[in-house]
Each structure stands twice: as C-alpha cells, then as structure tokens.
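The block underneath contains the structure these notes are about, expressed in structure tokens.
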Amino acid sequence: MADSTDVRKLIYYPVGEYLMDHGEGIHLYDAEGGEYIDCASGTFNLSLGYGHPEIVKAMQEQAERLIHATSAFQTAPVNELVRRLVEVSPENLARVHLKVSGGSTANEGAVKMAQVSTGRSGVITLFRSHHGQTMLTTTMSGESFRKAPFPHLMPGVLHVPDPYCLRCFYKQRPDTCGLLCVERVNDFIDYGSNGDVACIVVEPVSGSGGNIVPPDGYLQALRTLCDERGIALVFDEIQTGIGRVGRMFAAEHFGVAPDILTTGKGLGGSGAQVAAVLADERMTGLGADHHSFTYGGNILAAAAAARTLDVIARPGFLENVRSVGAHVMERLRELARRHACVVDVRGLGLMIGIELGDEDGAPSTALAQLLAERGMDHGLILRTSRYGRGNVVKIRPPLIMTHTEADLMCDRLDALFAAEIR
Ligand SMILES: Cc1ncc(COP(=O)(O)O)c(C=O)c1O
C-alpha cells in the first residue's frame with residue numbers, strides 16, 4: 001500500500017488506504033493478497049459480481065467491433081438492450097431513453113419528461129431519499145448535509161416524510177395508521193408545494209436512506225393519489241432494479257406500475273456505465289435536444305447491459321436471489337437476538353439493512369461506523385446508510401451469491417459482532 005500514499009495526495013477526494021487489485025465473483029482482493037466479501041457490490045452496482053465471465057466476454061467482443069458511434073445511428077447492442085428492457089419492465093413502460101450518463105442524469109431526465117408531459121413544474125420526494133448528485137438531484141435528495149455548501153439549489157422541490165414505520169414521523173403504528181404518510185401528502189401539495197406538482201419521485205425501497213421497506217399498500221396508495229391529482233409517479237429503481245429485491249424491478253414486487261422508472265447501477269452487471277429511463281407512452285414529448293449526454297447509450301455498456309438482463313432473466317436466477325436473501329435475513333435476525341444493539345433487520349431479496357441502536361434504542365451511527373471500519377479486518381466490505389451519517393449497515397452483496405457464500409458472509413458478520421460489541 002506504500003506506493004499509493006503519494007498519489008492519494010493528488011486525488012481531489014479522500015481515498016482509503018487499501019490498494020485493490022482484482023475481483024472475482026463476490027470477492028475483492030487487495031494488492032497484498034487480502035480477500036474481502038463485498039457486501040456492498042461495489043457501489044451497489046455489481047449485480048453479477050466482479051468480472052462475470054459472460055459480461056467480460058460480451059465487452060471484449062464488442063470492444064473489438066465498435067466502442068462508440070453517435071446515438072443518431074442504430075447499433076445492434078443498443079437495439080438489443082432497448083428490446084430487452086421493454087420485455088422485462090412493467091407493461092406500460094414501452095419507451096426507453098438511454099442517452100443518460102448514469103443514475104443522476106436518468107432521474108433528471110425523468111423529471112423533465114414529467115414536466116413536459118404534465119405541463120407542470122413541481123417535484124415531490126421523500127425525506128431520506130437519494131436521487132443523485134447533479135444540482136437538481138442534489139436538491140431532490142432528502143439529505144440536507146449534502147446541500148449545505150451550495151447556494152443555487154432548484155426551486156419547486158418539496159420533501160415529505162417517508163414510510164419509516166420504525167421511527168414514524170407521525171408517531172403512528174403501521175397496523176392502525178391508515179397510511180397517514182400518504183394521506184398527508186395531500187396537505188403538503190395543497191399548502192406546502194409550488195401549487196403545480198408534475199411528479200412524485202420515490203425509491204420503492206430507500207437505498208442510501210436506510211433500507212426502508214414501505215408498509216403494505218403504501219405505493220398503491222401513492223399511485224392512487226397521483227392518479228387523482230394528475231401527477232406522474234416516478235420510481236427511482238437505480239438501486240432496487242435489476243433483480244436486487246428478488247424481482248427484475250421492485251415495481252413488480254409491489255404490483256404498482258409507475259409512469260416513469262429509472263434504472264442504472266446493476267444494469268451494468270460487472271460495472272459497465274449504463275442507465276436508462278423507461279416511460280409510459282403518455283410521458284413522451286421530451287425533445288431530443290433536451291436531455292442527451294455523450295456517453296449515453298454507449299455501445300460497449302449496452303452490450304454488457306443486454307447480457308446482464310439475459311443472465312438475470314434466466315430461469316432460477318431470481319429464485320436464487322429470493323432464497324439466498326431469505327436465508328441471510330433469517331441468519332441476521334438470529335444475530336439480532338444475540339445483540340440488543342440490532343434494533344431491526346429488514347429488507348427484500350438481497351437488499352437488506354441492519355439497523356443499530358444504543359441501549360435506549362436511539363439510532364447509533366457510531367456503532368454502524370465502527371462495524372463498517374472493523375469489517376475489513378474480518379474480510380467484509382460494509383457500507384452504512386446516509387453516507388456514513390446513518391445507523392444502518394447495508395447488506396447488498398452481488399446477486400450471484402450462493403447459499404454457501406451467504407453462510408460465509410454471515411459467519412464473518414457473527415465474528416465481527418462478537419469481537420466489537422460488548
Ligand atoms: C437511488 C439512487 N438514485 C440515483 C443515484 C445516482 O446514480 P449515479 O451515481 O449513477 O448518478 C443513486 C446513487 O447512489 C441512487 O442510489
């Protein structure tokens with residue numbers, strides 16, 4: 001790790017001490033031979049793990065043929081990706097916009113589509129949301145600490161409480177609340193918004209905010225509210241999509257069709273840079289000049305993404321995600337019974353969160369941080385919610401994880417908790 005010390009001073013942002021060398025499947029290896037199970041799938045994007053052979057092959061073959069052509073032309077990989085995305089997404093989402101450079105610009109594109117289609121401007125998002133790092137998506141995200149340095153945030157964006165039942169904003173209980181958190185959105189629209197709301201953007205399960213799984217009926221109720229008020233419902237499935245929750249999209253799991261859905265991260269399989277906006281026919285109208293990025297619809301990435309969808313749609317793949325996910329949840333709930341600091345284990349598929357609290361049950365960010373830091377000594381790459389400011393440890397390994405690998409990960413988590421928690 002010594003030879004990387006000087007370079008670290010040249011990199012604008014902080015970089016950790018580990019020099020990573022190669023990866024395979026769920027494992028990442030450092031230059032000194034250290035091995036780690038990546039419980040965060042890179043940046044939650046390596047749905048097929050490190051160096052999946054089919055993705056590597058697809059990219060190698062495509063690289064030799066054609067890496068880039070302007071998106072004004074058709075190419076076979078892009079055509080294939082578009083067809084596959086329409087096939088695997090909710091039925092009403094029949095239009096694909098690929099000319100985005102990642103999740104943030106996909107979400108901006110979704111908002112622009114909603115604005116053009118509805119003729120309105122306002123945007124509603126949830127408290128603990130994260131939608132990206134462009135100026136609009138920074139504004140949309142519900143993390144105020146990330147906005148603090150920037151004076152020019154966008155007007156017309158309103159945040160409403162999320163369906164975080166464990167620590168309900170309205171101090172209700174899920175069995176008796178009648179989904180007050182949806183009902184109250186009407187008040188926010190009537191009294192708190194700019195009076196001209198184009199869309200409500202939600203992550204079906206909050207990713208960075210703390211792995212918050214909404215209660216039954218929440219997304220259906222939001223769908224009804226949007227229909228009644230002529231507002232477009234946008235699902236940000238940058239994290240939840242491409243098999244993460246045990247279905248191709250969380251929309252399918254919850255049985256709710258959004259008007260627009262964004263996907264990215266896991267779509268690249270083993271790390272190709274690709275994202276997309278999927279839209280209902282009613283959401284068309286955004287001009288070609290109004291949202292187009294040079295590396296959007298990149299051919300190399302499209303070849304990787306089309307192959308990723310092939311692999312994930314194969315019989316048995318998503319069943320394995322659901323069954324390994326259920327097994328991990330069971331093991332983590334058993335761990336929770338041994339450690340009072342684990343106040344909740346929740347999730348869907350392989351999108352799981354371990355919420356930590358102090359002796360009074362109050363959120364313990366310090367504990368989550370400690371576990372994430374010490375995890376490396378136990379061969380675990382762990383990330384915490386709210387970019388280190390939250391009290392949830394996120395367990396989102398590559399979707400190719402086997403039962404045996406899941407047990408190895410859980411054994412290491414057991415050892416980590418036993419060593420660090422008194
Ligand atoms: C839910 C969600 N939406 C959007 C984004 C932004 O995606 P990108 O970093 O590719 O711009 C992220 C990234 O973490 C995310 O988790």
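Whatever order the structure lists ligands and atoms in, that order sets their numbers, starting from 1.
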- When you check the side-chain N and O atoms of H130 and D236, is any donor under 3.5 Å from an acceptor? no
- Item | Geometric class of the H403/H327 ring pair [parallel <30°, tilted 30-60°, perpendicular >60°] | tilted
- Query: Does E35 pair with R412 as a salt bridge, N-O distance under 4.0 Å?
  - Reply: yes
- ligand 1 atoms in contact with G132 (distance to a heavy atom under 4.0 Å): 6 (C)
- Contact atoms of ligand 1, heavy-atom distance to E203 under 4.0 Å: 1 (C)
- Task: Please determine, by modelled atom types, if R282 and N92 share a side-chain donor-acceptor pair under 3.5 angstrom.
- Result: no
- Query: Are any of the side-chain nitrogens in R307 or E61 under 4.0 Å away from the carboxylate oxygens of its partner?
  - Reply: no
- Message: I'd like to know if D259 pairs up with R223 as an ion pair, taking the criterion as any Lys NZ or Arg NE/NH1/NH2 lying under 4.0 Å from an Asp or Glu carboxylate oxygen.
- Response: yes
- Note on the structure: re atom 3 (N) of ligand 1, the protein heavy-atom contact at minimum distance is D236 OD2, 2.7 Å
- Message: Please check whether G102 reaches ligand 1 - meaning an N/O of the residue sits under 3.5 Å from an N/O of the ligand, judged on distance alone.
- Response: no
- Parallel, tilted or perpendicular, as decided by the 30° and 60° cut-offs, for the rings of Y29 and H22: parallel
- Which segment of T105 sits under 4.0 Å of ligand 1 when only heavy atoms are counted: neither
- Tell me whether the guanidinium CZ or amine NZ of R389 lies under 6.0 angstrom from the six-membered ring centre of F145 and within 45° of its axis. yes
- Nearest protein heavy atom with distance in Å, relative to atom 10 (O) of ligand 1: G103 N, 2.8 Å
- Message: Between ligand 1 and K265, can you find any atom pair, the residue atom being a heavy atom, that is separated by under 4.0 Å?
- Response: yes
- Numbering the atoms of ligand 1 from 1, which are under 4.0 Å from a heavy atom of N107? 3 (N), 4 (C)
- Message: Quick test: of every protein heavy atom, which one is nearest to atom 16 (O) of ligand 1, and how far off is it to 0.1 Å?
- Response: Q239 NE2, 2.7 Å
- Task: Identify, for atom 2 (C) of ligand 1, the protein heavy atom at the shortest distance, and state residue, atom and that distance.
- Result: H130 O, 3.2 Å
- Query: Would one find an N or O of S104, backbone or side chain, under 3.5 Å from an N or O of ligand 1?
  - Reply: yes
